[in-house]
Enquirer: 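Handing you a structure now.
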Amino acid sequence: MDFEKIKDAVTSIEMSEAMEHRVKENIGKRKSGQVLFKRLLPVASALAILLSIMIGIPYFNKNGELQVVNFTITAYALSDDENQLNTNLSTEKATFELSTIQRMGVIGGVGGDGPNFIFTDVMLNITGEDIDSITYTLSEGKFVEDVTLPLIKDYDWLVSEKINFITTEPGSNISQGIKEIGNTYTVNYNEQEKHKYTLAIPHDGNFVLVEDIVIEVNVKYIDGSSEQQDIVVTQEADSISLKLN
Amino acid sequence: MLQQVVWSAELDVERIVDTYGNMLFRICLVMLSNEKDAEDVVQDTFITYLTKSPTFNDSEHEKAWLITIATNRCKNMRRYNFIRKHMDISDLQLYSKDNENYGLLDHLMRLPTKHKVVLLLHYVEGYKVDEIAKILAITTSAVKKRLQRGRELLRERYRKENEYGL
């Protein structure tokens, strides 16, 4: 085998002029967008602070004390050594050490390409009294569910069921898949065990795209009233942190 | 001032695409066996470069960084693309000057990704084993094994084709 010939064959590959022009144009557009975005950051930050103050006002009682919600949020996950980790969330960061490299993937993998995600393996559970249902809404990313299913080669069915990325051990009739739930879901308080949905965080193949992701937790009580608590999620190199906002 | 910033960004785009565009495109094309996907990865790699604006010691450092980003993106795209794609021989002809060339490219593209990427970096881009290990974040012994297995697979396929006239 002459590897010099392979080298010649590969080095003869070049982008067409049209492709080169298209790439330059697209990068240029995205880069200009970045410049504009950076210029708007101070204004956006000021607005964000103003909004936080305005939104934060109803959470203070008449004595000026911070009013906390009447339920507890527990985050749990399996660690890399398969031990279960769980912690009740507070305003202090709770960090789960979960190596990232094994958990990167693309939503929409079965049906074609899609955005990249880090599958975090982190789940949430609520405890409290007289709770009817809980609605979770993610600011960025998706909730996903690990599913086990018989060996299926019907890609259209998998796509219609939003089951992305399936793997099958050689010789096995069972496949493991990831099902996309969406950026929001509602679960009855007594049925939380049936919904083991984890967080999938957007990244670009190398870096996380959004620094802080917010999960809005809205708890509806049996008497019809409701309470809301936000969780800030931060994906770092080989860990994921959660804290109450 | 703003005009100057935009002008310098345009210059940067021109420079990196002219310098590294073809090199990244051929790595991505061989890894993904799909022209559109390869173009997307090249584009995303350059956008990441311009967005992150990393600092480099020299042009070799810059080149290695771009290859790392591009190969990682290719691996992710490939790993989760359940339907494996392969380039049609008529598409390959667009990139090859003669019959022998596109036969060789076809053999190379049909290799497992982990083997073809080390073959590419070693035989085409001229990287040494320890340099490839750094770029791909794997051990030097893994690079050696992949090189050896990649060569064996290529030889095997080439031999079969000649034997059976496939």
Side-chain angles (χ1 to χ4, degrees), chain A residues 1-16 18-39 101 104-114 116-117 153 155 158-159 163-167 175 177-178 203-207 209, chain B residues 2 5-6 9-10 12-14 16-18 21-22 25-27 29-30 35 37 39-48 50-52 68-69 72-77 79-83 94-97 100-105 107-108 119-120 122-124 126 137 151 154-155 158-159:
Chain A
M1 174 107 298
D2 187 348
F3 286 96
E4 271 305 305
K5 280 187 182 168
I6 290 184
K7 184 180 175 178
D8 288 344
V10 176
T11 45
S12 68
I13 296 175
E14 284 185 354
M15 285 194 282
S16 65
M19 191 189 290
E20 196 176 317
H21 180 72
R22 204 163 48 233
V23 167
K24 282 179 182 172
E25 200 177 70
N26 290 340
I27 301 167
K29 273 184 206 161
R30 291 284 292 268
K31 183 65 187 165
S32 310
Q34 295 287 340
V35 172
L36 187 64
F37 177 71
K38 278 177 188 168
R39 288 166 65 82
I101 193 139
M104 288 187 177
V106 176
I107 288 271
V110 170
D113 300 331
N116 280 280
F117 285 89
K153 288 183 178 170
Y155 301 124
L158 290 169
V159 171
I163 296 172
N164 307 291
F165 170 48
I166 64 167
T167 56
S175 299
I178 293 175
H203 77 120
D204 68 0
N206 298 290
F207 302 100
L209 293 176
Chain B
L2 179 64
V5 171
V6 173
E10 276 172 10
D12 220 13
V13 170
E14 284 285 326
I16 54 163
V17 177
D18 290 345
N22 285 326
F25 178 69
R26 58 186 175 241
I27 291 175
L29 187 74
V30 173
E35 191 186 47
D37 286 351
E39 182 183 339
D40 284 348
V41 172
V42 171
Q43 193 172 293
D44 285 355
T45 304
F46 287 139
I47 288 168
T48 305
L50 292 168
T51 311
K52 299 281 167 190
T68 305
I69 299 290
N72 279 342
R73 273 197 74 67
C74 286
K75 276 187 272 183
N76 282 331
M77 194 177 261
R79 193 180 301 155
Y80 296 101
N81 255 353
F82 194 73
I83 303 163
L94 296 173
Y95 293 101
S96 313
K97 287 165 194 157
E100 193 180 17
N101 266 8
Y102 68 70
L104 286 169
L105 282 178
H107 282 307
L108 185 66
L119 287 174
L120 267 182
H122 187 67
Y123 288 107
V124 180
R151 280 191 294 252
L154 260 184
R155 282 198 193 100
Y158 198 67
R159 184 180 53 78

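Residue numbers begin at 1 in each chain, while the letters A, B, ... track the order of the sequences. Remember, predicted model here, so these are calculated numbers, not experimental data. Values below: all heavy atoms of this structure, side chains included; hydrogens, waters and symmetry mates excluded.
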Enquirer: Grab the two heavy atoms, one from B/Glu14 and one from A/Lys24, that are nearest each other, plus how far apart they are.
Expert: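 Of all heavy-atom pairs spanning B/Glu14 and A/Lys24, the closest is OE1-NZ, 3.2 Å.
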Enquirer: Run the salt bridge (charged side-chain N to carboxylate O under 4.0 Å, His left out) test against A/Lys7 and tell me which residues pass, sequence neighbours left out.
Expert: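 A/Lys7: no salt bridge (charged side-chain N to carboxylate O under 4.0 Å, His left out) contacts found.
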Enquirer: Rounded to the nearest 0.5 Å, how far apart are CG of B/Leu119 and CD1 of A/Ile6?
Expert: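 Answer for the CG-CD1 pair, B/Leu119 versus A/Ile6, is 7.0 Å.
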Enquirer: Side-chain contact test, heavy atoms from C-beta onward, threshold under 4.5 Å: evaluate it for B/Phe46 versus A/Asn26 and give yes or no.
Expert: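 Not in contact.
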Enquirer: For B/Ile27, which atoms come within 4.5 Å of any heavy atom of chain A: side chain, backbone, both, or neither?
Expert: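 For B/Ile27, no heavy atom lies under 4.5 Å from chain A.
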Enquirer: Quick check for you: to the nearest 0.5 Å, what is the distance between A/Ile27 atom CD1 and B/Ile16 atom CD1?
Expert: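 Interatomic distance, A/Ile27 CD1 to B/Ile16 CD1, rounded to 0.5 Å: 5.5 Å.
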Enquirer: About how many Å separate CG of A/Asp8 and CG of B/Leu104, when rounded to the nearest 0.5 Å?
Expert: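 That separation rounds to 9.5 Å.
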Enquirer: With sequence neighbours excluded, what pairs up with B/Asn22 under the side-chain hydrogen bond (donor to acceptor under 3.5 Å, both in side chains) test?
Expert: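 Listed in chain order: nothing, the list is empty.
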Enquirer: Side chains of A/Met19 and B/Phe25: closer than 4.5 Å at any heavy-atom pair?
Expert: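 When only atoms from C-beta onward are counted, B/Phe25 and A/Met19 do touch, with a gap below 4.5 Å.
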